[in-house]
2 protein chains.
Amino acid sequence: MAEKEPGLRERTRRAVKAEIAAVAKRLFVERGFEATTIDDIAAVVGMSQRSVFRYFATKEEIVLGGYDAVLADLLAELSARPAGEDDLASLRSVLAFLVKISDPPGHRDVIASALRLVFETPLLYAAYLEKLQKMQDAIVAVLFERARAEGRPRAVDDPEPRVLVAAEFGAFLAAQHSWLALGVKGPFAGVHARAVAVLDAPRGQAEVAGPK
Amino acid sequence: MAEKEPGLRERTRRAVKAEIAAVAKRLFVERGFEATTIDDIAAVVGMSQRSVFRYFATKEEIVLGGYDAVLADLLAELSARPAGEDDLASLRSVLAFLVKISDPPGHRDVIASALRLVFETPLLYAAYLEKLQKMQDAIVAVLFERARAEGRPRAVDDPEPRVLVAAEFGAFLAAQHSWLALGVKGPFAGVHARAVAVLDAPRGQAEVAGPK
DNA sequence: CACAAAGTGACAGTGACTGTCACGTTCGAC
DNA sequence: GTCGAACGTGACAGTCACTGTCACTTTGTG
């Protein structure tokens, strides 16, 4: 629906967008997100403030805009799951995808500074939480729809899909925090696996001997 | 630390604050959050825009400011738990408190419109997510500290407390969504219990027969 | 080449929020 | 009771994210 072959216009647009984002991210990391104005960014890129807003709707989008594409990919991954697969299994494959792109090989230092920026800037952190929530809402909608299509419709107030999705995303976010606390060293997948293990541990008697 | 006996100055301050909040919430529900300016509110209350900002740091705080007190109560509840109690049990008592105040008897219609306002206004929803996250962060910090004080310190990158807390809060939020989807009918505690049951169900084979 | 669509700069405007200052009120010491 | 300090407020000016508009240029297309 939106996937045509590039086309020169679209390609320049993407290039400009990428340049703005690159410049902006650098300034944000150097001076801080709030201390950097859109005019600063526009000046460095060499365009008017108005034009920057033609590429990004908000200041936060400059940093987090990439997650719109991620959301689309997540949904694609989800609808590629075999019919009849249970929700948790589908969900985990979606999360595995998210985990994969959260630690692209060879870019760990870039990811680290970006992650730090987002987690340490309240405005960005709030926007990030909103993005994660949007992903969850979209996934939940698909799970409801899938249940309906497979002849086992769920009541509108059935909390199960929401809870499952929220728990998985909660573990994902917790893993990102732990990874950051660790200095973004080592593969994220390992940290995430430990987080998911907490979810899988039988409830009611927490305290499974932790790795030490 | 902040709990002294009222004192006239403090009492008037709280009264004014409550009046601003009451007026603002009415206007927000009537005209929408974004369509209502601080000047509108100031005009109705009969004060200057500047003065409104002396009571509330941001527009969102007018609606969500109450959660600062909730956070304090949550932490009080948590530190009142018996030493040695396992994290999940303590956590559940904290959540029970949150559930309780989320459905105060006799105010369900007020809660319903407030909940709808928050969930349907992106700006407010993001701010609400941020508040919930702040609560989680504070609770996680206490759990880490408690573990240290009890002689079983956790590694800084141990994801367990974060995951447990995130899962519980995820279930809470999911329950609020389900409650809203249901039209805010019936006790919230019931909806919440169903949500928590999903967490407690053994993993790996989701699909426990749902209520029908 | 012509023409419509798309991109841009310049300008003005809104609204959330902040700093500052002068003025009036109030609280506590005496 | 009174007086000075602390506090609350209105008025005003300023910043910054964001939006609408318009005239102008650039560019893809037939």
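Below, chains carry the letters A, B, ... as their sequence lines are ordered, and counting in each starts from 1. Because only heavy atoms are used, hydrogens play no part in the values below, and waters and symmetry mates are left out as well, while side chains stay in.
Residue B/Tyr55 places none of its side-chain N or O atoms closer than 4.0 Å to OP1 or OP2 of C/dC17. Side-chain N/O atoms of B/Thr37 include none lying less than 4.0 angstrom from OP1 or OP2 on C/dG15.
Rounded to whole Å, atom C1' of C/dT26 lies 14 Å from atom CZ of B/Arg11. Distance, A/Glu60 CD to D/dA17 P: 10 Å, rounded to whole Å. B/Glu19 places its CD atom 16 Å from the C1' atom of D/dG8, with the value rounded to the nearest Å. Taking atom CG on A/Leu123 and atom C1' on C/dC17, their separation rounds to 12 Å, with Å as the unit.
Of all nucleotides listed (D/dC18, D/dC16, C/dG7), D/dC18 comes nearest to the side chain of A/Phe53. When the nucleotides C/dT8, C/dG7, D/dC18 are ranked by their closest atom to the side chain of A/Arg9, C/dG7 comes out on top. In the set D/dA17, C/dT18, C/dG9, C/dT18 carries the atom at the smallest distance from any side-chain atom of B/Gln49.
Residue order along DNA chain C, read from the 5' end via each residue's closest nucleotide, puts A/Arg54 first among A/Arg54 and B/Ile38. In terms of position along DNA chain C, the nucleotide closest to A/Ser48 lies nearer the 5' end than the nucleotide closest to the other residue of the pair A/Ser48 and B/Thr58.
Using a 4.0 Å heavy-atom cutoff across all strands shown, A/Thr36 reaches sugar-phosphate atoms only and no base atom.
With rounding to the nearest 0.5 Å, the separation of CD1 in B/Ile20 from CZ in B/Arg54 is 11.0 Å.
Judged by distance alone, the side chains of A/Gln133 and B/Tyr128 never bring a donor and an acceptor atom under 3.5 Å apart.
Residue B/Arg50 places no side-chain atom within donor-acceptor reach of the base of D/dG8, judged by atom type and a 3.5 Å distance cut-off alone.
Taking the six-membered ring where tryptophan is involved, the planes of A/Phe172 and A/Phe188 are perpendicular, since the angle between them exceeds 60° and thus also 30°. Below 30°, between 30° and 60°, or above 60°: for A/Tyr125 and A/His177 the angle between ring planes is above 60°, a perpendicular geometry.
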